[in-house]
Protein chains: 2
Amino acid sequence: MATTENTGDSALARRRKAEKPKSSSTPRSASKLARQRDPDATKGRILEAAKREFSRAGLGGARVDSIAARAKANKRMIYHYFNSKEDLFTAVLEDSYLGIRAAERSLALDGLTPQDALDALVRFTWRYYLENPEFLTFVNSENLHKARHLRKSKALAQEYPRFIEIVQRIIDRGVADGVFRPGIDAVQLNITIAAISYYYLTNRYTGSIVYDRDLMAKDRLEERLEFNVETIRRLVRADPSA
Amino acid sequence: MATTENTGDSALARRRKAEKPKSSSTPRSASKLARQRDPDATKGRILEAAKREFSRAGLGGARVDSIAARAKANKRMIYHYFNSKEDLFTAVLEDSYLGIRAAERSLALDGLTPQDALDALVRFTWRYYLENPEFLTFVNSENLHKARHLRKSKALAQEYPRFIEIVQRIIDRGVADGVFRPGIDAVQLNITIAAISYYYLTNRYTGSIVYDRDLMAKDRLEERLEFNVETIRRLVRADPSA
DNA sequence: CCCCATCTTAACTAACCGGTTATTTATTTC
DNA sequence: GAAATAAATAACCGGTTAGTTAAGATGGGG
């Protein structure tokens with residue numbers, strides 16, 4: 001669990017922890033019920049609450065009042081810090097995306113053999129989706145809205161190229177070593193690695209009915225992960241003919 | 001295209017076409033603006049309109065007024081025939097599910113070699129999702145709601161067992177012939193076949209941004225389909241050791 | 001110590017939305 | 001052909017929702 005380093009904190013919360021023991025340590029009047037001011041904390045609580053609410057019901061189903069209540073903030077604060085419901089959704093999306101990328105970078109795959117690196121990436125993807133199911137909901141929601149928010153996000157634009165390079169490097173090393181077959185497209189492979197975990201987990205409810213098994217039972221989850229590792233191994237394996 | 005036999009008609013519409021030249025062919029008073037009565041047609045129009053509206057915006061985002069307008073029916077008719085928005089969604093879901101199963105049955109895979117049958121199933125799955133994108137939206141929407149509607153549907157309960165048998169039979173034949181490796185779980189294989197098409201197509205919008213390519217360009221689609229066929233072939237292939 | 005930008009709150013509103021009521025009109029039944 | 005039934009319509013309702021107003025609280029800078 002700790003391996004993915006996901007603490008449930010938003011990127012904003014992470015930043016705050018690291019950089020800010022600034023706001024004078026002992027608030028003068030911690031007396032009574034008078035709420036202390038802490039803009040960063042308020043903003044952070046709103047973002048975290050929004051994450052949960054958007055995850056629960058999607059962009060359309062989420063209620064701004066619920067977010068405010070959950071964040072223990074006044075609704076006006078949401079509009080003060082995030083301008084609109086859609087902009088708040090965009091912020092959540094960005095934070096979430098940066099979260100998975102940060103976790104991915106911490107894997108240090110370059111130190112592993114190509115096969116181990118690929119296995120590790122498959123296992124990481126599975127684990128991350130399993131432990132952060134809201135990420136799947138956001139991606140679904142965003143696609144329902146034709147990526148309207150993602151398209152406008154400048155913050156993420158620079159992340160994409162770096163991201164596909166991870167898989168490309170593994171493939172290149174594997175082909176050079178002769179353990180992977182040549183000609184594998186990095187994008188197709190990456191999509192496939194995501195797909196086999198994503199589909200199983202995002203469709204956990206209908207899947208459990210259609211296939212008449214509890215897809216989320218512990219044994220079933222382990223079984224699926226091993227199946228996925230095997231699927232990708234076979235996909236990249238060099239043909240024994242040569 | 002015609003191969004999947006999908007005409008865009010609902011199951012209800014299909015039934016009506018086949019069984020009902022009953023309602024006397026020439027309506028007596030087609031005069032003026034007086035709206036003719038046609039319960040089946042009205043119900044069918046509502047279902048079709050609901051399909052489009054739910055597909056556009058999901059259960060939460062769909063507007064009952066929009067459905068009524070699109071169906072050229074009075075809103076009250078929706079409640080007359082379908083009781084509630086949620087029941088209407090359930091009806092759409094059932095119709096959609098029966099649609100893909102009907103198309104699947106018409107494939108007649110038992111007449112093919114195991115390898116050809118599996119290829120055909122992969123191609124069918126891809127084509128069906130591509131031509132009926134609303135199906136993907138419904139599954140997503142339903143999972144966001146934890147399969148609340150699907151669970152209650154009696155009409156579909158009997159479909160599920162028959163459905164997994166299709167893949168199981170292909171596997172059994174392939175293993176018997178020695179072309180497939182033994183020990184492949186039919187459910188895992190089926191999930192994987194669905195996953196590699198589903199993920200690519202349902203995440204077409206975010207995917208096109210993240211991977212910086214138009215995933216829906218004609219060449220890209222063909223490329224992906226062939227990649228998927230190859231992925232499944234390698235997954236089931238008997239190991240050359242024996 | 002006081003000004004003033006920033007943070008925070010409660011109350012408000014205009015539009016929307018799922019569902020209903022009351023009524024009319026067409027079709028079937030006997 | 002009258003009574004009964006089913007289909008269709010328009011107008012309406014109560015509750016909800018995203019977003020706003022206006023005013024007060026707070027605290028850092030001068």
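Note that this is a predicted model, so its numbers are computed, not measured. Order of the sequence lines fixes the chain letters, A, B, ..., with proteins taken first and strands second; residue numbering starts at 1 for each chain.
Distance NZ (A/Lys85) to C1' (D/dG19): 12 Å, rounded to an integer number of Å. At whole-Å resolution of the value, CD1 in A/Ile78 and P in D/dG19 are 10 Å apart. C/dC7 atom C1' lies 11 Å from atom CD1 of A/Ile46, rounded to whole Å. Following rounding to the nearest Å, A/Asn83 (CG) and D/dG19 (P) show an atom-to-atom distance of 9 Å. Rounded to an integer number of Å, the gap from NE2 of B/His80 to C1' of C/dG19 is 15 Å. A straight line from OH of B/Tyr79 to P of D/dA7 spans 18 Å, rounded to a whole angstrom. As rounded to whole Å, 14 Å separates atom P of D/dT26 from atom CE of A/Met77. At whole-Å resolution of the value, CZ in A/Phe82 and C1' in C/dC7 are 14 Å apart.
Here B/Leu225 pairs with B/Arg123, B/Trp126, B/Val229 under the side-chain contact (heavy atoms from CB on, under 4.5 Å) rule; sequence neighbours left out. Annotation: salt bridge (charged side-chain N to carboxylate O under 4.0 Å, His left out) contacts of A/Glu94 (sequence neighbours excluded): none. The salt bridge (charged side-chain N to carboxylate O under 4.0 Å, His left out) test applied to B/Glu223 returns B/Arg213, B/Arg220, not counting sequence neighbours. With sequence neighbours left out, A/Leu144 forms a side-chain contact (heavy atoms from CB on, under 4.5 Å) with B/Thr137. Partners of A/Lys218 under the salt bridge (charged side-chain N to carboxylate O under 4.0 Å, His left out) rule, at least two apart in sequence or in another chain, are A/Glu222. Applying the side-chain contact (heavy atoms from CB on, under 4.5 Å) rule to B/Glu86 yields the partners B/Leu59, B/Ser84, B/Arg148, B/His149; only residues at least two apart in sequence or on another chain are considered. For B/Lys85, the salt bridge (charged side-chain N to carboxylate O under 4.0 Å, His left out) criterion is met by no residue, not counting sequence neighbours.
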Could you pull out the protein-nucleic contacts involving nucleotides 10-12 of chain D (nitrogen or oxygen on both sides, under 3.5 Å)?
unit_1	atom_1	unit_2	atom_2	d
D/dA10	N7	B/Asn74	ND2	3.3

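Looking at residues 52-65 of chain B, you'll see that no heavy atom sits under 4.0 Å from any atom of DNA chain D.
The ring of B/Tyr199 has its center closer than 6.0 angstrom to the ring center of A/Tyr198.
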